[in-house]
Amino acid sequence: MGDYDNDGDLDIIASASTSTTRELRIYKNNGNGTMNTAQIEVDGAAGGLDYSSVAWGDYDNDGDLDVLGCGSTASAKELRIYKNNGNGTMNATQIDVDGAGGGLENSGVAWGDYDNDGDLDILASGYTGTTRELRVYKNNGNETLDAAQIEVDGAAGVCDTVA
């Protein structure tokens, strides 16, 4: 849960698959104890993620919550960031953190400033298809991430969730 639209109430982000599609959705809090059932499709034609996890965080330090997602598409494993446009919508053109197919599934993701430089870095754990990995991606502070992730324990094996 997070206040993605800065209206003072917590909204919900969910990533899952139906019987035919993968979807990443935001459910807006109406502020009166109900949720808006007309969800916002974050990823549009790009398709969502399966065997996934998501987390809110202000990746670009602009005062609104962006979305980090990690999981599987129909053909690849991906780690993505969706930028908040600041007007109640999300940019459907995601930032592919790991390049084509370099992500993780059965994953866990979290934001945190591990290097104390004032911007949110990424912690991700999951399965590559052959190994379980725990990775840290450094935020460069200019809306880019260092592509050379820090592999915390590589093939030693890790759990599927992080916090």
Side-chain angles (χ1 to χ4, degrees), residues 1-100 102-115 117-126 135-147 161-163:
M1 299 183 88
D3 185 11
Y4 94 100
D5 53 3
N6 289 321
D7 63 358
D9 49 40
L10 295 177
D11 308 295
I12 297 172
I13 183 117
S15 178
S17 61
T18 66
S19 60
T20 57
T21 62
R22 292 170 176 83
E23 298 176 8
L24 182 58
R25 299 175 174 175
I26 295 173
Y27 295 90
K28 186 173 167 41
N29 188 329
N30 292 326
N32 61 3
T34 65
M35 301 298 288
N36 188 333
T37 57
Q39 73 273 358
I40 298 166
E41 295 292 338
V42 175
D43 47 24
L49 300 167
D50 204 2
Y51 305 104
S52 60
S53 60
V54 292
W56 296 105
D58 187 5
Y59 154 76
D60 50 8
N61 283 327
D62 63 356
D64 50 39
L65 294 178
D66 307 299
V67 174
L68 173 62
C70 188
S72 300
T73 67
S75 59
K77 295 164 187 60
E78 297 185 8
L79 182 59
R80 304 172 175 173
I81 297 172
Y82 295 90
K83 288 182 60 174
N84 189 329
N85 294 325
N87 62 1
T89 65
M90 302 295 286
N91 189 333
T93 305
Q94 75 270 4
I95 299 165
D96 190 354
V97 175
D98 246 340
L104 303 163
E105 67 182 359
N106 298 323
S107 60
V109 292
W111 295 99
D113 187 8
Y114 94 99
D115 54 2
D117 63 357
D119 51 39
L120 293 179
D121 307 298
I122 296 171
L123 175 64
S125 71
R135 304 172 179 172
V136 174
Y137 295 85
K138 184 179 178 335
N139 187 333
N140 295 323
N142 59 359
E143 296 189 29
T144 66
L145 290 147
D146 191 335
T161 59
V162 295

Does a side-chain heavy-atom distance below 4.5 Å link N29 with M1?
-> no
When you check the gap from the basic side-chain N to the acidic O, do D62 and K83 get nearer than 4.0 Å?
-> no
Exactly one candidate in I95, L79, L120, L123 meets side chain to side chain contact (heavy atoms under 4.5 Å, CB included) with L68; the answer is L79
Does a side-chain heavy-atom distance below 4.5 Å link I13 with L24?
-> yes
About how many Å separate CD1 of I26 and CG of L65, when rounded to the nearest 0.5 Å?
-> 9.5 Å
Test side chain to side chain contact (heavy atoms under 4.5 Å, CB included), reference V97, set T144, V109, L145, output is L145
Distance-minimising heavy-atom pair for S107 and G71 | OG-N, 4.2 Å
Between S72 and E105, is there a donor-acceptor pair closer than 3.5 Å when you use the side chain of the first and the backbone of the second?
-> no
Rounded to the nearest 0.5 Å, how far apart are SG of C70 and CG of N106?
-> 10.0 Å
Side-chain touch T73/R80, heavy atoms, less than 4.5 angstrom = yes
Donor-acceptor pair, N32 side chain versus T34 backbone, under 3.5 Å?
-> yes
To the nearest 0.5 angstrom, please state how far the CG atom of L49 sits from the NZ atom of K77.
-> 12.0 Å
Please indicate whether Y137 has more than 12 foreign heavy atoms, meaning atoms of other residues, nucleotides or ligands, lying under 6.0 Å from its OH.
-> yes
CG-NZ distance between D119 and K138, expressed to the nearest 0.5 angstrom = 6.0 Å
Spacing of T21 atom OG1 and D50 atom CG [to the nearest 0.5 Å] = 10.0 Å
Taking the side chain as C-beta and beyond, is there a heavy-atom pair between D121 and D113 under 4.5 Å?
-> yes
Measure up the W111 and Y59 rings against each other and bin them: parallel (under 30°), tilted (30 to 60°), perpendicular (over 60°).
-> tilted
Look at the side chain of Y27 and the backbone N and O of T37, then say whether any donor-acceptor pair between them is shorter than 3.5 Å.
-> no
Any V67 side-chain heavy atom under 4.5 Å of W56 side chain = yes
Determine, step by step, whether R135 and L104 satisfy the side chain to side chain contact (heavy atoms under 4.5 Å, CB included) criterion, reporting the C-alpha distance in whole Å, the side-chain angles of both residues, the deciding distance to 0.1 Å, and the verdict.
-> CA-CA 10 Å; R135 304 172 179 172; L104 303 163; 3.6 Å; yes
Keeping the roles fixed (side chain from N61, backbone from G118), state whether a donor-acceptor pair exists under 3.5 Å.
-> yes
